Amino acid sequence: MTYGAGVSDELNDVHSFPEKSMPSRNAYQLIHDSLKFDGDPTLNCATFLTTWMEPEAQKLIVENLSKNRVDIDEYEATERIHRRCLAHLHHLWNGKKDQKVTGTVVVGSSEGIMLGGLAMKWRWREHRKAQGKDYSKPNIVFGANAQVALEKTARYFDIESRLVPVTEESHYCIDAHKALEMIDENTIGMFFILGSTYTGHYEDVALMSNLLDELKAKKGLDIPIHVDGASGAFVAPFVQPDLHWDFRVPRVASISASGHKYGLTYPGIGWVVWRAPEYLPDGLTFELSYLGGVEKTFTLNFSHPACFLIAQYYQFIRFGREGYARVMNACLYHARLLSVALESTGVYQCISDIHRPRGTYGFSEENRLAASRLFFKTINEPVSGADPSPNLNFNHGLPEVAFRFTDWFIESHPTANQDVITTMMRVRGWIIPNYPLPPNMNKFRIMRVVVKEASSEDFVNRLVRDLMWATQTMLDTQSQSLGEALIHPLPKNQSTSNLAHKIAESSTKGMDDQQRHSHWKSILEKIGELKESESGKKKAPEMALTNNNRSKTVYEKSC
């Protein structure tokens, strides 16, 4: 019996359920072939999700795919692993040693955020009832840069969202002082983000806690904080231990994190941990016995695959603090290399600040040079791959590079379009988002590269090379439609060993104009981007100089 186009068409028809069966090998091949149209996860710079795990971890996942984590009476060993993971996280996030660990594994940090928000609402409501006051109008305060899960929490559970506008001065994160103005007696708490999705900046949890202490002294309002540590809760403890954001901060009531982001585990797994049992109201906990034994649950999602929980435990005992520190240090190193290289091209400026000296924010020629000097000074100092001390010199933040065209580049090329860059990058397999900043800053659109555990110098070199190719192709084809541009053959993919280093170092050598011109020309020839003219001669880069202290070199044709 054969199964051909008719079956395939039937499967593609969203209005009908397949009528006939097919051999397993055919079903597999049909789906396997159709999934080839997906992008390559390794080149997906948009996602924070883990895209690679060791074979041993994958083997554990496959072996435990059929286990339901909530059936603790049947899977006692799995439940022991669950409790160990919670104990590890409680310790990692500096919970008190003699404190009973209160938390749970969840599907992702979104569920953790919702549970944290619900707990704050219920505690606020109980307090208002005890005072005999109205409890019908709860609100919660968080920054306009919030990930959608925070807004979902408010909308789904009938809580008013009070969004604090972000500014360049607040590093596109919540402004703690402006947030104070939005707090009143109906405020159930605050969401703070350890690693903004937009730019990777950490919000200042310790500062907000101090300001809330002052507010309580003045007005008697006792406001707790839930930390959305979706990404940063698995980064900061290992490579930025000097940063106080966790249970060392008195007002932090709960923390959520995604195990499937920098927790280094495949989707979907997340965690939520409370400071102490009293921060999780009893009303949110259910007891059930229909799975065989009496068990308690306080998750939004009941059934939950045990395999990713087990994979998380594998990562904890496989890497330990030292291993996680090595991975996160490598991610930060490659993100800083990419940042310094991009800014040194003269075409792009970074909105993220992880490559800049501690306390220095924003793009300027002075800041760019300071960042470049610090980066190359740091990598020349021999330290252990797990040593967090080099990070003391840099700003805190995620291994994320958010960038856009420089102002002068836009002025020189008013038709330049970042959407074209991201589209051209897809030609070479890269997935790079281009999105507006939070609402009150959305006049700017930024691109973002999330640097993960599978990164390398070759990864950064190839990314910089292809960004330069995409930028030049955009400039060369501005008079054409995108369709016309794509019919032209692509330049040869030539070797670019250490290209990112060459570009990053290029503007630190005190060259005169002619030397700089020759230097860039040499790099561009290595990239293979100098196009043949109609006469068969190579076009030399055209250089234009500006004297507005924003940049010294602009290559109008070659970037």
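Quick caveat, the model's predicted, so the values are computed rather than measured.
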Can Asp246 and Arg248 be counted as an ion pair, charged N to O under 4.0 angstrom? yes
Taking atom CG as the centre, does Asp134 end up with more than 12 heavy-atom neighbours from other residues, nucleotides or ligands that are less than 6.0 angstrom away? yes
Full working for side-chain hydrogen bond (donor to acceptor under 3.5 Å, both in side chains) between Gln240 and Asn391: CA-CA 7 Å; Gln240 296 147 344; Asn391 300 311; 5.8 Å; no
Do Asn367 and Thr360 pair up side chain to side chain, a donor and an acceptor below 3.5 Å, judged on atom types alone? no
Which of these, Phe363, Phe409, Phe403, sits in a ring pair (Phe, Tyr, Trp, His ring centres under 6.0 Å) with Tyr348? Phe403
Could you check whether the rings of Phe142 and Phe191 sit parallel, tilted or perpendicular, using 30° and 60° as the cut-offs? tilted
Under 6.0 Å from the ring centre and within 45 degrees of the ring axis: does the NZ or CZ of Arg336 meet both conditions for the six-membered ring of Phe394? yes
Within a strict 4.5 Å, meaning less than it, do heavy atoms of the Trp124 and Ile140 side chains meet? no
Is the distance between the ring centroids of Tyr324 and Phe238 under 6.0 Å? yes
Should the pair Arg123 and Tyr279 be classed as cation-pi, given the thresholds of under 6.0 Å to the six-membered ring centre and 45° from the axis? yes
Is there a side-chain contact between Leu194 and Glu203 (heavy atoms, below 4.5 Å)? no
Parallel, tilted or perpendicular for Phe234 and Phe316, by the 30°/60° rule? tilted
Check this for me: Asp282, atom CG, are more than 12 non-hydrogen atoms of other residues, nucleotides or ligands nearer than 6.0 Å? no
Using atom types as modelled and distance alone, determine if a side-chain donor or acceptor of Arg251 lies under 3.5 Å from a backbone N or O of Ile223. yes
Does any part of the side chain of Leu43, heavy atoms only, come nearer than 4.5 Å to the side chain of Ile431, both counted from C-beta? no
To the closest 0.5 Å, what do you measure between CG (Leu212) and CG (Asp222)? 9.0 Å
Can a cation-pi geometry be assigned to Arg404 and Phe444, taking NZ or CZ under 6.0 Å from the six-membered ring centre and within 45° of the ring axis? yes
Which value, rounded to the nearest 0.5 Å, describes the distance between Leu243 atom CG and His396 atom NE2? 4.5 Å
Can you tell me if Asp387 and Ser389 form a side-chain donor-acceptor pair at under 3.5 Å? yes
With a 4.5 Å limit on heavy-atom distance, are the side chains of Gln147 and Ile193 in contact? no
Look at Asp213 together with Lys216 and state whether they make a salt bridge at an N to O cut-off of under 4.0 Å. no
Are the side chain of Arg275 and the backbone of Gly95 linked by a donor-acceptor contact shorter than 3.5 Å? no
Are the aromatic ring centres of Tyr361 and His171 under 6.0 angstrom apart? yes
Any chance you could measure Ser110, atom OG, to Asn301, atom CG, to the nearest 0.5 Å? 12.0 Å
Do the charged groups of Glu214 and Lys218 touch, with an N to O distance under 4.0 Å? no
If you measure from CD on Glu400 to CD1 on Ile354, what distance do you get to the nearest 0.5 Å? 8.0 Å
Just list the side-chain donor-acceptor pairs under 3.5 Å for residues 173-180, sequence neighbours left out, or say none.
residue, atom, partner, partner atom, Å
Asp175, OD1, His177, N, 3.0
Asp175, OD1, Lys178, N, 3.2

Please check: side-chain N/O of His260 versus main-chain N/O of Thr50, any donor-acceptor pairing under 3.5 Å? no
Between Phe247 and His90, how do the two ring planes meet: parallel, tilted or perpendicular, split at 30° and 60°? tilted
Student check: side-chain heavy atoms of Val252 and Val205 closer than 4.5 Å: yes
Tell me whether Lys129 forms a cation-pi arrangement with Tyr135, defined as NZ or CZ under 6.0 Å from the six-membered ring centre and within 45 degrees of its axis. yes
Please report the interatomic distance CE(Met190) to OG(Ser209), rounded to the nearest 0.5 Å. 10.5 Å
Should the ring pair Trp93 and Trp245 be called parallel, tilted or perpendicular, given that the plane angle runs from 0 to 90° and is split at 30 and 60? perpendicular
Is any side-chain heavy atom of Leu467 less than 4.5 Å from a side-chain heavy atom of Leu463? yes
When you measure from the side chain of Asn186 to the backbone of Asn139, do you find a donor-acceptor pair of N or O atoms at a distance under 3.5 Å? no
Taking atom CZ of Arg358 as the centre, does the number of heavy atoms from other residues, nucleotides or ligands within less than 6.0 Å exceed 12? yes
Is Ser254 reaching over with its side chain to a backbone N or O of His226, donor-acceptor style, under 3.5 angstrom? no
The reported gap from CG in Leu118 to OH in Tyr156 (rounded to nearest 0.5 angstrom) is 13.0 Å
Where the side chain of Thr422 meets the backbone of Asp419, is there a donor-acceptor pair that is under 3.5 Å apart? yes
Taking the ring of Phe459 and the ring of Trp430, is the distance between their centroids below 6.0 Å? yes
